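Note that this is a predicted model, so its numbers are computed, not measured.
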Amino acid sequence: MASSTATVASASAFREAIDAIPMVRSPSGDILTKQFLDVCRLVLPVIDKFGSAMAMVKSDIGGNIARLETRYNEDTSGLYLLYDIVRREVDEKTAKGSKSCSNGLLWLTRAMDFLMNLFDNLFRHPDWTMTQASTEAYAATLKKYHGWIASGAFTMAMKLTPERKKFMEMLGGGESLSSDIEKFVSSFSPLLLENHQFLKSVGLDDMKAA
């Protein structure tokens with residue numbers, strides 16, 4: 001029993017997501033709807049550890065997961081591949097609507113881009129503060145799609161990030177944490193890139209916030 005407890009205690013907050021990523025692709029290499037959303041959902045507990053600084057990000061990610069999942073549950077056999085949700089909306093000419101699942105996938109992907117960039121900053125720049133790592137990640141990802149009000153609110157929120165050492169301790173994992181962060185980012189980022197490439201192919205990758 002003691003050994004089992006120690007194993008659980010040493011696992012980082014990324015371990016479950018890392019283990020789930022190989023399940024995201026079908027045997028033919030397509031991204032599966034449920035499995036992709038499941039991995040995104042597994043990141044929410046990590047976001048919680050940022051406290052109020054990431055409240056907007058968590059709300060955005062959680063809301064878009066729910067939007068896509070609701071559509072998927074309406075036709076699990078017909079929409080088990082993630083991009084089929086978008087293709088159906090393109091055919092229905094609803095893809096560019098602000099409440100569409102296509103829009104939801106775009107913003108979910110962008111929010112996950114931000115997190116991947118942030119985690120990568122923490123891995124590559126051990127001397128950076130949390131605020132610096134977060135601000136740089138925002139500038140490299142979400143900022144260009146936000147209006148000045150959203151950008152200002154986001155920039156202010158980044159100043160509320162917890163102290164880096166405390167945050168890393170909350171993630172757990174001990175000495176394995178850095179390698180888990182690197183593995184998660186390197187494994188999940190290609191899926192996000194593929195999302196962007198597909199959305200661009202159907203003219204949906206450049207939408208900005210309403």
Side-chain angles (χ1 to χ4, degrees), residues 17 24 30-48 50-119 134-158 160 188-210:
V24 170
D30 295 302
I31 297 177
L32 299 167
T33 304
K34 181 180 185 302
Q35 287 79 356
F36 177 79
L37 296 178
D38 284 347
V39 173
C40 292
R41 184 179 287 107
L42 287 170
V43 179
L44 294 178
V46 178
I47 301 175
D48 279 335
F50 284 93
S52 60
M54 294 291 174
M56 289 186 293
V57 176
K58 183 182 179 183
S59 176
D60 191 41
I61 290 176
N64 285 317
I65 289 173
R67 184 189 305 188
L68 287 156
E69 194 168 55
T70 296
R71 186 65 187 266
Y72 163 73
N73 286 332
E74 292 172 356
D75 184 7
T76 56
S77 61
L79 299 174
Y80 72 99
L81 297 181
L82 183 62
Y83 300 160
D84 282 349
I85 294 177
V86 178
R87 292 187 182 101
R88 186 172 293 185
E89 289 189 338
V90 169
D91 290 342
E92 295 169 349
K93 303 189 185 308
T94 60
K96 292 190 176 182
S98 62
K99 301 297 183 182
S100 72
C101 287
S102 301
N103 189 276
L105 176 59
L106 175 61
W107 283 100
L108 175 59
T109 299
R110 287 172 174 173
M112 296 301 292
D113 282 338
F114 163 71
L115 291 177
M116 294 307 103
N117 198 291
L118 169 54
F119 298 147
S134 302
T135 301
E136 292 290 337
Y138 178 65
T141 56
L142 288 170
K143 187 173 183 179
K144 58 182 171 244
Y145 302 114
H146 283 169
W148 68 271
I149 295 178
S151 182
F154 209 103
T155 300
M156 287 296 295
M158 293 304 95
L160 302 176
F188 195 67
S189 294
L191 298 171
L192 301 177
L193 177 59
E194 190 170 328
N195 284 356
H196 283 298
Q197 291 172 337
F198 171 74
L199 289 165
K200 184 176 181 179
S201 75
V202 292
L204 298 173
D205 196 47
D206 59 350
M207 291 189 288
K208 295 189 176 183

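- Residues forming a side chain to side chain donor-acceptor pair (under 3.5 Å) with Ser102 (at least two apart in sequence, or on another chain): Glu89.
- Residues meeting the side chain to side chain donor-acceptor pair (under 3.5 Å) test with Asn103, sequence neighbours left out: none.
- Under the side chain to side chain contact (heavy atoms under 4.5 Å, CB included) criterion, Ser59 pairs with no residue, sequence neighbours left out.
- Counting heavy atoms from C-beta on, the side chains of Thr33 and Leu68 never come closer than 4.5 Å.
- Donor-acceptor pairing under 3.5 Å is lacking for the side chains of Asp75 and Tyr80.
- Checking side-chain atoms of Asn64 against main-chain N and O of Asp60 turns up a donor-acceptor pair under 3.5 Å.
- Contacts of Asp48 classified as side chain to side chain contact (heavy atoms under 4.5 Å, CB included), with partners at least two apart in sequence or in another chain: Lys58.
- Residues passing the side chain to side chain contact (heavy atoms under 4.5 Å, CB included) test with Thr155, sequence neighbours excluded: Tyr138, Ser151.
- For the side chain to side chain contact (heavy atoms under 4.5 Å, CB included) test, residues two or more places apart in sequence or in another chain that qualify with Ala53 are Leu160, Thr161.
- Below 30°, between 30° and 60°, or above 60°: for Trp107 and Tyr145 the angle between ring planes is above 60°, a perpendicular geometry.
- Scanning for ring-ring contact (aromatic ring centres under 6.0 Å, His included) contacts around Phe36 gives Phe188, with sequence neighbours left out.
- Here the side chains of Asn117 and Glu136 are not in contact, with every heavy-atom distance at 4.5 Å or above.
- Considering only heavy atoms from C-beta on, Thr141 stays 4.5 Å or farther from Arg110 through its side chain.
- Take Asp84 and apply the salt bridge (charged side-chain N to carboxylate O under 4.0 Å, His left out) test, not counting sequence neighbours, and it matches Arg87.
- Note on residues 59-78: no pairs pass ring pair (Phe, Tyr, Trp, His ring centres under 6.0 Å), not counting sequence neighbours.
- A search for side chain to side chain donor-acceptor pair (under 3.5 Å) contacts involving Arg41 returns Asp38, Glu69, not counting sequence neighbours.
- Under the rule for a salt bridge (charged side-chain N to carboxylate O under 4.0 Å, His left out), Asp205 has no partner lying at least two apart in sequence or in another chain.
- In terms of the side chain to side chain donor-acceptor pair (under 3.5 Å) criterion, Lys143 has no residue partners (sequence neighbours excluded).
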